[in-house]
Amino acid sequence: MPTIQIQADVSVDVLVKAAEQLSETDLRQLTAHVLAIHAKRTAPSVPSEEAELLAKINGRMSSHLQQRYDELIDKRDVESLDSDEHDELLELTKQAEAFDVVRVEALTNLAALRGLTLSQLMRQLQIDSAVVEE
């Protein structure tokens with residue numbers, strides 16, 4: 001994980017500039033954490049069932065696994081994967097798909113719990129449909 005130098009008194013602008021330095025994987029992880037903080041502050045008394053679903057919605061593969069997955073995808077795209085890497089990519093793809101299934105199920109369950117359509121919930125949570133399709 002990269003280290004970012006920041007000042008003791010940090011403005012939003014400084015935080016944004018620091019976030020610009022992050023890799024795509026680390027930025028996704030930061031975004032998930034910030035959304036979780038926002039959810040806690042805007043709904044501090046979220047019922048435990050909703051909290052569990054929100055945790056699943058914001059869940060991700062570890063940054064290490066995501067980074068390795070991205071590396072293998074890049075190698076696949078330039079057709080330089082060896083046999084072992086191909087097997088590893090298949091396994092990581094299964095894991096990534098499992099995370100996606102858990103997220104979509106949690107989104108669907110939370111939408112039903114709140115009496116919303118999936119689209120309405122995603123707008124409410126400010127989730128882009130492309131994020132669910134990753």
Residues forming a side chain to side chain contact (heavy atoms under 4.5 Å, CB included) with [X], sequence neighbours excluded:
X: Glu105; answer: Val101
X: Asp82; answer: Asp84, Glu85
X: Ala111; answer: Leu121
X: Glu97; answer: Thr93

[atom1] of [X] to [atom2] of [Y]: how many Å apart, nearest 0.5 Å?
X: Gln95; Y: Asp100; atom1: CD; atom2: CG; result: 12.0 Å
X: Ser83; Y: His86; atom1: OG; atom2: NE2; result: 8.0 Å
X: Glu50; Y: Ile57; atom1: CD; atom2: CD1; result: 9.5 Å
X: Asp26; Y: Gln67; atom1: CG; atom2: CD; result: 7.5 Å
X: Leu53; Y: Arg114; atom1: CG; atom2: CZ; result: 9.0 Å
X: Arg28; Y: Leu30; atom1: CZ; atom2: CG; result: 12.5 Å

Indicate the atoms forming the closest heavy-atom contact of Asn58 with Ala32, along with that distance. O-CB, 3.7 Å
For Lys56 against Ala106, the heavy-atom pair lying closest together: CB-CB, 3.7 Å
Please check if Leu107 and Val102 belong to a single hydrophobic cluster, counting links between Ile, Leu, Val, Met, Phe, Trp and Tyr side chain heavy atoms closer than 4.5 Å. no
Tell me every residue that passes side-chain hydrogen bond (donor to acceptor under 3.5 Å, both in side chains) with Glu71, counting only those two or more places apart in sequence or in another chain. Arg68
Could you list the cluster mates of Leu65? Members are the ILVMFWY residues connected by side-chain heavy atoms closer than 4.5 Å, either directly or through other members.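 Direct or chained contacts put Leu65 with Met61, Tyr69, Leu72, Ile73, Leu81, Leu89, Leu92, Phe99.
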Min side-chain heavy-atom separation Gln29-Gln66 under 4.5 Å: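 They are not in contact (no side-chain heavy atoms under 4.5 Å apart), so the answer is no.
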Audit row: Glu49, Leu113, side-chain contact (heavy atoms from CB on, under 4.5 Å) steps and yes/no: CA-CA 9 Å; Glu49 184 177 359; Leu113 191 64; 3.9 Å; yes
